[in-house]
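Worksheet: the structure to be examined is printed underneath.
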Protein chains: 2
Amino acid sequence: MTSTESRGTPIELNAVIVAVENCTPYLLTTDDLALPSGPFESGHRTLEQGLRAWARLKGAQTLGYVEQLYTFADRDRTTAGTRSVSIGYLALVHDPAQPLGHDWSPWYRHFPWEDHRDGTPAIIAAQILPALEAWKNAAPDAPTREIQAERIGIAFPRDPRQWNEELVLQRYELLWQAELVAEAGTGARDSFGLAMPFDHRRIVATAMARLRAKIKYRPVVFELLPREFTLLHLQNTVEALAGLRLHKQNFRRLVEQQGLVEETGATTRGASGRPAKLFSFRRKVLQERAMAGTKLPRTG
Amino acid sequence: MTSTESRGTPIELNAVIVAVENCTPYLLTTDDLALPSGPFESGHRTLEQGLRAWARLKGAQTLGYVEQLYTFADRDRTTAGTRSVSIGYLALVHDPAQPLGHDWSPWYRHFPWEDHRDGTPAIIAAQILPALEAWKNAAPDAPTREIQAERIGIAFPRDPRQWNEELVLQRYELLWQAELVAEAGTGARDSFGLAMPFDHRRIVATAMARLRAKIKYRPVVFELLPREFTLLHLQNTVEALAGLRLHKQNFRRLVEQQGLVEETGATTRGASGRPAKLFSFRRKVLQERAMAGTKLPRTG
DNA sequence: CCTGTTATGCTCCATATGAGCATTAATAGG
DNA sequence: CCTATTAATGCTCATATGGAGCATAACAGG
């Protein structure tokens, strides 16, 4: 920090642009599966506005929710030889009018171990755990093995009920260190999930983790839904993001007791089964409860 | 984003370095109350490591916990004329051996409206609310006034039990927009709290909000305490950060049931009153519960 | 009418949280 | 030794909140 080598570092923006269609979350990518990115443009007042304008140009639907994720600047993060700094953004696209095209990639293709909606994915017991075992056992000393074993146990617990869907980034980093993802470079033996260029899969992991954490305390799911939706549609979307099945009745109780939605009066028609009421998001809650609230045992 | 004007933008790091002494949180600042900052140095593997090395040089105690806060890059953020990008960090310093010197500033001097440990601070009813009222009433149209009133009501609720200690940033931004902090520039009539140069007070507000949110679901308080502490000391530290009084018995119950601490066997001596047992942080919980857990009604 | 399917209502229980009341263990000062 | 003071601790109780599951209701199609 004492050097004056501040000619300037190239800054780029990377956006994880998410849409959900038919119970599947998708990422907007370029042809080579890279995240859309561009140079930092100083013409906009804020980074976020710049991102929105740029996404419009790139042909993504208009971005709804936008949030800064993280600034990535490890030394080994080099694009075209020079070290680069990237500011990652997460953006959510409302239910797209036209079906998603070929430039949208289902995110579980890149993270097959993260989708637990139909039970623990087979790849975990069949391939990931054995490979991690082997990696752990290759550690030089016992204490290290101990620590690795702990990490593995937390990231990929045996008991399905222990699965913590938020640990997306920890899991990806664990697989990286064990050289079980192609991006780790050094001649990975096994490679799980569809790789992405540069550190983009890491950025996506960060985005998934953030999103999975956020849906629990902020009504962001609605940024991925059309204006009107059924409660089942809402639940399916949350499940798609979390990669988990939820208890239907309790999910509804939660949604209603929090006053997140209101009936529009209309119902679905034509489908099989009892028609469902249509709901819309109560924008007011954004103001009413600027946030859930406390976990501290306050006085008064 | 289509231009190739990427000669590079100067990047600087700003660190909000926090320590707690005697029930008071302090910030490390320079003589003119600026946050310690320095150019982005590419010699380190990660930004975090760079920050640690640099803090050591600057004479801050060794940093314990470090976390990236946010990247600030609004157009009006200019240092010495040119637009600059700043990566903000939050760092926590363990109980300092020597007393904190003059380069540490109590954070409530900059945010007097945030300390509710002795009840709602007088400044809110006496000065802030009237000034915000006036600002709201000066809005051109009724809908705008309506919205401002909502914002004010959430940021500074009348009922003390509605006070949400996490909204530090929202409150600061509200005061900024109402030109009630000196940094807003345009000839602020009133100015609340001790100002800081540039947008540094905004960065601190971001840090406070993050910290207040984080202590609820991650055991970060221990990063601000000595190895051994009493439960009262622990509670006082949390209260200092949150700016709130907590219910003693329930606080203890919470801490114990979460298995955060373990007795060291020793007790305090010399003080008045019954001696308290000394505790230490159970590092294991970091692994055991890599995180609190769910808010979603899972199945299974 | 009978069956399959999905939407909705409700109950029950375990645990967490919010508020207090009551005791106990030390120290300081007479 | 006795007493006031200062904290630490132990417990209780009512009320939320979260997890599971049973029971009904409303429609499509044969």
Side-chain angles (χ1 to χ4, degrees), chain A residues 23 159-165 215-217 228-239 242 244-279 289 292-300, chain B residues 23 159-165 215-217 228-239 242 244-279 289 292-300:
Chain A
C23 299
D159 181 355
R161 282 170 306 187
Q162 301 285 319
W163 176 261
N164 185 335
E165 83 285 356
I215 49 176
K216 292 180 183 169
Y217 61 94
E228 296 201 337
F229 48 83
T230 67
L231 292 181
L232 183 58
H233 188 182
L234 174 62
Q235 180 176 349
N236 283 334
T237 306
V238 174
E239 288 177 337
L244 288 173
R245 280 290 161 225
L246 305 180
H247 183 110
K248 190 166 177 170
Q249 296 92 325
N250 290 345
F251 178 80
R252 284 157 189 249
R253 177 174 64 185
L254 200 70
V255 167
E256 281 165 16
Q257 106 189 354
Q258 302 204 145
L260 293 173
V261 299
E262 59 194 353
E263 298 186 22
T264 66
T267 60
T268 56
R269 22 181 63 255
S272 75
R274 174 174 172 175
K277 292 181 192 162
L278 287 172
F279 292 83
R289 328 168 311 145
T294 183
K295 256 263 180 184
L296 297 175
R298 290 172 64 156
T299 296
Chain B
C23 299
D159 180 355
R161 283 171 305 186
Q162 300 285 318
W163 177 259
N164 186 336
E165 83 285 355
I215 49 177
K216 292 180 182 167
Y217 62 94
E228 297 201 336
F229 48 83
T230 67
L231 292 181
L232 183 59
H233 188 182
L234 174 61
Q235 180 176 348
N236 283 334
T237 306
V238 174
E239 289 177 337
L244 287 173
R245 279 291 161 221
L246 305 180
H247 183 109
K248 190 167 180 170
Q249 295 93 323
N250 291 345
F251 179 80
R252 283 154 190 250
R253 179 173 63 185
L254 200 71
V255 167
E256 281 166 15
Q257 107 188 353
Q258 302 205 144
L260 293 173
V261 299
E262 60 195 351
E263 297 185 23
T264 66
T267 59
T268 55
R269 22 179 63 255
S272 75
R274 173 175 172 174
K277 291 181 192 162
L278 287 171
F279 292 83
R289 326 170 312 146
T294 184
K295 255 259 179 190
L296 295 174
R298 290 173 62 156
T299 297

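Chain A is the first sequence line, chain B the second, and so forth, proteins listed ahead of strands; every chain is numbered from 1.
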Toward the 5' end of DNA chain D, by each residue's nearest nucleotide, A:L254 or B:A276: B:A276
Spacing of B:K277 atom NZ relative to D:dA8 atom P, expressed in whole Å: 12 Å
Rounded interatomic separation in angstrom, taking NE2 from A:H247 and C1' from C:dA7: 13 Å
For A:Q249, all residues meeting side-chain contact (heavy atoms from CB on, under 4.5 Å), sequence neighbours excluded: A:H247
Contact under 4.0 Å: A:K248 side-chain N or O vs C:dA7 OP1/OP2: yes
Nearest-Å distance for atom pair CZ/P, residues B:R253 and C:dT15: 14 Å
Test side-chain contact (heavy atoms from CB on, under 4.5 Å) applied to A:T267 - qualifying residues, sequence neighbours left out: A:P275, A:K277
Sub-4.5 Å side-chain heavy-atom contact between B:Q235 and B:V238: no
Nucleotide D:dG19, atom P - distance to CZ of A:R161 in whole Å: 13 Å
Euclidean distance, atom CD of residue B:Q235 to atom C1' of D:dT9 [Å, nearest integer]: 13 Å
All salt bridge (charged side-chain N to carboxylate O under 4.0 Å, His left out) counterparts of A:K248, not counting sequence neighbours: none
Short side-chain N/O contact from B:R252 to OP1 or OP2 of D:dA8, under 4.0 Å: yes
Nucleotide-resolved protein contact map, nucleotides 23-30 of chain C, B/S/- at heavy-atom distance under 4.0 Å: -BBBS---
Side chain to side chain donor-acceptor pair (under 3.5 Å) partners for A:R274, two or more places apart: none
Atom-to-atom span, CD of A:E256 to P of C:dC10 - whole angstrom: 11 Å
With sequence neighbours excluded, residues passing side-chain contact (heavy atoms from CB on, under 4.5 Å) with B:E256: B:L231
Proximal nucleotide (of C:dG18, C:dT8, D:dG18) relative to the B:N250 side chain: C:dG18
Nucleotide C:dA19, atom C1' - distance to CG of A:L296 in whole Å: 16 Å
Touch class at under 4.0 angstrom, heavy-atom based, for B:Q257 against every strand present: sugar-phosphate
Interatomic distance where CZ belongs to B:F251 and P belongs to D:dA8 [whole Å]: 12 Å
Shortest non-hydrogen contact between B:L296 and A:E165, atoms and distance: CD1-OE2, 4.5 Å
